[in-house]
There are 2 protein chains.
Amino acid sequence: MAIGGKKKEIYLAAARLFRDKGYQASSMRQLAKEVNLEPSSLYSHISNKQELLAQICLGEAEMYVNKMKSIMSECDDVLEILRQISYFHVETALDDPISATVFSDEWKHLEEPNLGRFRNLRKEYESKIRYIIARGTEEGRLIDTDSMVLFQTFLSSFKWIYLWNKPGREVDKEALQRDITHVILRGLKK
Amino acid sequence: MAIGGKKKEIYLAAARLFRDKGYQASSMRQLAKEVNLEPSSLYSHISNKQELLAQICLGEAEMYVNKMKSIMSECDDVLEILRQISYFHVETALDDPISATVFSDEWKHLEEPNLGRFRNLRKEYESKIRYIIARGTEEGRLIDTDSMVLFQTFLSSFKWIYLWNKPGREVDKEALQRDITHVILRGLKK
DNA sequence: TTTACGAATGAACGTTCGTTAGTAAAGTTC
DNA sequence: GAACTTTACTAACGAACGTTCATTCGTAAA
């Protein structure tokens, strides 16, 4: 059997290509070469280049939204929620750094209607975090600094992991989760 | 005099284009349109597309390196140095968000030898900060967490400002400098 | 042996790309 | 006002792009 292997292979190669060269600089001819096909043969498996980017970005975005819902439904403590988000960000950046990079850096090359869908998902995700942070300040658990600064600083603190995590590097995931979360929450906690 | 007015105009338009669409998706034809020239006329002022990106990225990188040297030669206190770096990052992100974005997101499309030059400058800049942070931990001024985590978290904390700073937004620069620096250094200080 | 079908192919389409060549006008210097 | 430089133009180049098309291959069921 072993069906569907080729389609998956194409998606993985595309994600790697998009990460390394960027979406626009990645050609279907190069992608075909990486999966040992002729360019035209790609279209037996996928419908077009844009679909590749959309699947990667929207898939990743949905994962974040779902995780966020799950965390918030299971837990009510602001600091514990932020801790879990932090752990999740570190985990995804380490486990699938390729998709994480594409999601983070290449989404702007999405076309409508995918771009709109992506923005909605991201907005949904971010507004939940903003709400948590605002609540944290109200409850006196977080410092009383501009909530936009707290929110943005919190989220951008994870933006180096997937870039820094080169293939050869050995990483202790739990240590990294603990250290990053420690530094970030130290900055936010009252 | 007022020489080079057109050249400057081309560079500014190029930076804006690179930021909005990315380097690869920015065409010389579009750039020409933005400065009211025919595409070929651009080459009366610049030598090629790559040079535009190189000037922007390398110019920005040199600015950071020079500022870093200046800060470190004037000051010896670790926390004060980090504070000044933080203030400088916020300032550049607000004053020239376009160049800051291109520098941060599009450098990977540099070709040799510009790519090598860029990496050297960035390495020079980053190693100075790493040294400061390592010293800070040794001196007991910063927390005793993995120095890579401290370094990367510190630097990535500025990566949202130039993206968030939309044209219409009113920003109180000094307040932002104070707040961001406060949050970051709270996380790092012992 | 025939029928059916997904997978893969080579060739080609129309478009866009960065860039060059050649040239004419405008500005500057003597 | 002649000589020279700078700026801008039209036209075109070769290369690469994403994608389509008709066709062939390989396999497995009928």
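Chain letters run A, B, ... following the sequence lines, proteins first, then strands; residues in each count from 1.
- Salt-bridge annotation for Arg135(A) and Glu138(A): absent, with no side-chain N of the basic residue lying under 4.0 Å from a carboxylate O of the acidic one.
- Taking the charged nitrogens against the carboxylate oxygens, Lys6(B) and Glu9(B) do have a contact shorter than 4.0 Å, which makes a salt bridge.
- In this structure, Ser44(A) reaches the bases: a heavy-atom distance under 4.0 Å links it to at least one base atom across the strands shown.
- Atoms CD (Gln30(B)) and P (dT19(C)) sit 16 Å apart, rounded to a whole Å.
- Side-chain N/O atoms of Ser40(B) and base N/O atoms of dT19(C) include no donor-acceptor pair closer than 3.5 Å.
- Of the candidates dT19(D), dA8(C), dT19(C), the closest approach to any side-chain atom of Tyr43(B) belongs to dT19(C).
- Taking 3.5 Å as the limit, the base of dG18(C) and the side chain of Ser27(B) contain no donor-acceptor pair of atoms between them.
- Regarding Asn48(B), its CG atom lies at a distance of 5 Å from the P atom of dT19(C), rounded to whole Å.
- Arg117(A) and Glu62(A) are not joined by a salt bridge, as no carboxylate oxygen comes within less than 4.0 angstrom of a charged side-chain nitrogen.
- Residue His45(A) places at least one side-chain N or O closer than 4.0 Å to OP1 or OP2 of dA8(C).
- Atoms CG (Leu42(B)) and C1' (dC17(C)) sit 14 Å apart, rounded to a whole Å.
- Mapping Arg29(A) and Leu37(A) onto DNA chain C by nearest heavy atom places Leu37(A) closer to the 5' end of the strand.
- Remark: C1' of dT19(C) and CD of Glu111(B) are 14 Å apart, rounded to the nearest angstrom.
- Across the protein-nucleic acid pair, Leu31(A) atom CG and dA8(C) atom C1' stand 15 Å apart, rounded to whole Å.
- In this structure, Ser41(B) reaches the bases: a heavy-atom distance under 4.0 Å links it to at least one base atom across the strands shown.
- Across the protein-nucleic acid pair, Gln50(A) atom CD and dG18(D) atom P stand 12 Å apart, rounded to whole Å.
- Glu9(A) has its CD atom 13 Å from the P atom of dA7(C), to the nearest Å.
- Within the nucleic acid shown, Ser47(A) has no heavy atom closer than 4.0 Å to any nucleic acid atom.
- Using a cutoff of 4.0 Å between basic side-chain nitrogens and carboxylate oxygens, Glu124(A) and Arg130(A) are not scored as salt-bridged.
- Rounded to an integer number of Å, the gap from Ile46(B) CD1 to dT20(C) C1' is 13 Å.
- Checked for salt-bridge contact, Lys123(A) and Glu126(A) miss the test: no charged N lies under 4.0 Å from a carboxylate O.
- Glu38(B) comes within 4.0 angstrom of a nucleotide base, judged by non-hydrogen atoms across all strands.
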